[in-house]
Amino acid sequence: IEGLGEKHISAFWQDGLIRQPGDIFRLKTRLDDIAEREGWGEISATKLIAAIDERRRIPLDRFINALGIPQVGQATARLLARHYRSLAHWRGEMEAAQDPESPARAHLLDVHGIGADMAADIIGFFAEPHNRAVLDDLAREVTVLDYEAPAQASQSPLAGKTIVFTGGLEAMSRSEAKARAEALGANVASSVSAKTDYVVIGADAGSKAAKAAALGVTTLDEAAWLELAGLAPAEAG
DNA sequence: GTGTCTCTACGGAAGACCGG
DNA sequence: CCGGTCTTCCGTAGAGACAC
């Protein structure tokens with residue numbers, strides 16, 4: 001939520017404006033209280049409420065990521081979203097998995113990338129009544145969108161390739177580049193290894209560029225990346 | 001206009017997990 | 001066990017927003 005960072009969350013919590021995540025989406029009724037706060041005003045309070053409303057619809061993977069389950073970050077959240085498709089289904093499975101004998105538990109472990117340790121953390125999250133209550137409450141305020149498989153361009157030269165970005169890019173942000181690469185069927189990794197196919201070197205690249213060179217991984221400059229991604233701008237001159 | 005604050009966007013690295 | 005990844009944390013810098 002734009003404009004709602006750690007500091008504000010923590011201050012709101014201390015002053016009792018919010019007690020649990022769902023409360024954020026009910027701040028609308030406290031607009032005047034917010035506007036009167038020190039450092040705030042009518043404009044910022046109104047903008048905050050608008051920014052909150054813009055986040056009422058949220059993709060499943062981001063929702064899972066936001067739960068803060070230990071070991072479940074961006075990548076694992078997406079893994080889960082891809083596998084379970086909807087919040088209702090996932091939650092149903094995780095609650096069924098409370099029973100150690102349940103097939104739901106076996107299914108979770110079948111997900112490539114989820115091992116016993118992560119499964120225990122995930123199932124453990126749903127074992128907490130408090131967490132389930134928070135989810136119930138949040139569900140009343142937000143709409144979690146079912147996972148949509150990205151349409152894959154299997155023709156793309158990037159299909160099936162593992163790519164790593166490092167350094168700053170000019171034409172697009174890192175996250176845009178990542179989204180683009182994934183849309184083209186590439187796997188975007190966060191560190192360079194021998195299995196990496198391409199490393200895109202942006203401005204002020206750090207050790208990843210050196211590692212790519214050491215491992216003999218193909219490196220691309222931004223122009224080459226844009227061309228590979230089918231985004232090549234008209235070459236100057 | 002000024003000053004403060006937050007957010008965003010990076011890099012780097014440690015530690016831990018997964019799968020083979 | 002080990003290579004490959006991912007999560008998590010820390011640090012930095014800059015841009016932008018807004019109260020005052």
Side-chain angles (χ1 to χ4, degrees), chain A residues 1-14 24 31-52 54-55 61-62 64-83 105-125 160-182 186-217 219 222 225:
Chain A
I1 296 170
E2 255 173 80
L4 193 59
E6 195 182 323
K7 292 244 175 162
H8 287 150
I9 294 273
S10 145
F12 284 5
W13 185 81
Q14 277 190 338
I24 290 168
L31 197 145
D32 292 342
D33 295 326
I34 295 170
E36 279 167 21
R37 296 176 67 82
E38 187 162 352
W40 289 77
E42 202 65 35
I43 294 175
S44 50
T46 307
K47 280 206 163 186
L48 175 63
I49 299 302
I52 288 169
E54 274 181 31
R55 289 291 184 271
D61 58 324
R62 294 186 62 165
I64 293 173
N65 186 193
L67 294 177
I69 301 171
Q71 303 193 65
V72 179
Q74 197 175 287
T76 306
R78 186 155 5 148
L79 216 54
L80 291 167
R82 194 157 61 209
H83 195 80
R105 185 172 289 225
H107 289 157
L108 177 60
L109 285 161
D110 275 347
V111 179
H112 195 270
I114 307 280
D117 228 274
M118 284 188 182
D121 275 342
I122 297 165
I123 293 168
F125 177 87
K161 302 291 187 184
T162 295
I163 187 167
V164 172
F165 292 96
T166 187
L169 301 176
E170 294 282 331
M172 57 178 68
S173 73
R174 180 74 70 80
S175 57
E176 284 169 333
K178 184 174 177 180
R180 177 69 188 175
E182 281 166 354
N187 170 43
V188 180
S190 48
S191 57
V192 179
S193 74
K195 284 177 116 185
T196 309
D197 294 297
Y198 301 113
V199 176
V200 178
I201 312 289
D204 297 322
S207 64
K208 288 190 186 113
K211 187 163 184 185
L215 292 171
V217 174
T219 59
E222 184 169 4
W225 145 248

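The sequence lines fix the lettering, A, B, ..., with proteins before strands; numbering per chain opens at 1. Keep in mind that the numbers below use all heavy atoms, side chains included, and drop hydrogens, waters and symmetry copies.
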Let me know the distance between [atom1] of [X] and [atom2] of [N], rounded to the nearest Å.
{"X": "A:Leu79", "N": "C:dC6", "atom1": "CG", "atom2": "C1'", "answer": "11 Å"}
{"X": "A:Arg78", "N": "C:dT5", "atom1": "CZ", "atom2": "C1'", "answer": "14 Å"}
{"X": "A:Gln74", "N": "B:dT8", "atom1": "CD", "atom2": "P", "answer": "14 Å"}
{"X": "A:Leu67", "N": "C:dT7", "atom1": "CG", "atom2": "P", "answer": "14 Å"}

Given side chains that start at C-beta, do those of [X] and [Y] come closer than 4.5 Å, heavy atoms only?
{"X": "A:Leu109", "Y": "A:Val111", "result": "no"}
{"X": "A:Ile163", "Y": "A:Thr196", "result": "no"}
{"X": "A:Tyr198", "Y": "A:Trp225", "result": "no"}

If the condition is side chain to side chain donor-acceptor pair (under 3.5 Å), which residues does A:Asp121 pass it with, not counting sequence neighbours?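 A:Asp121 satisfies side chain to side chain donor-acceptor pair (under 3.5 Å) with A:Gln71 once adjacent residues are dropped.
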Residues which pass side chain to side chain donor-acceptor pair (under 3.5 Å) with A:Arg105, listed by chain and number, not counting sequence neighbours: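 Side chain to side chain donor-acceptor pair (under 3.5 Å) list for A:Arg105, sorted by chain: empty.
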Please walk me through it: do A:Ile114 and A:Leu80 pass side chain to side chain contact (heavy atoms under 4.5 Å, CB included)? CA-CA 9 Å; A:Ile114 307 280; A:Leu80 291 167; 4.1 Å; yes
A:Leu67: partners by side-chain contact (heavy atoms from CB on, under 4.5 Å), with sequence neighbours left out: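 If we apply the side-chain contact (heavy atoms from CB on, under 4.5 Å) test to A:Leu67, skipping adjacent residues, the hits are A:Phe63, A:Ile69, A:Trp90, A:Phe125, A:Leu135.
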Under the side-chain contact (heavy atoms from CB on, under 4.5 Å) test, which residues partner A:Ala189, sequence neighbours left out?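 A:Ala189: side-chain contact (heavy atoms from CB on, under 4.5 Å) contacts with A:Thr162, A:Val164.
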Think A:Ser193 has a side-chain N or O under 4.0 angstrom from the OP1 or OP2 of C:dT5?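 Answer yes for this pair, as a side-chain N or O of A:Ser193 is under 4.0 Å from OP1 or OP2.
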Contact residues, residues 45-52 of chain A to DNA chain B [heavy atom, < 4.0 Å]: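 When residues 45-52 of chain A is checked for heavy atoms under 4.0 Å from DNA chain B, there are no hits whatsoever.
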Contact letters for nucleotides 13-20 of chain B, in which S counts primed atoms plus P, OP1 and OP2 and B counts the base, heavy atoms under 4.0 Å: ----SSSS
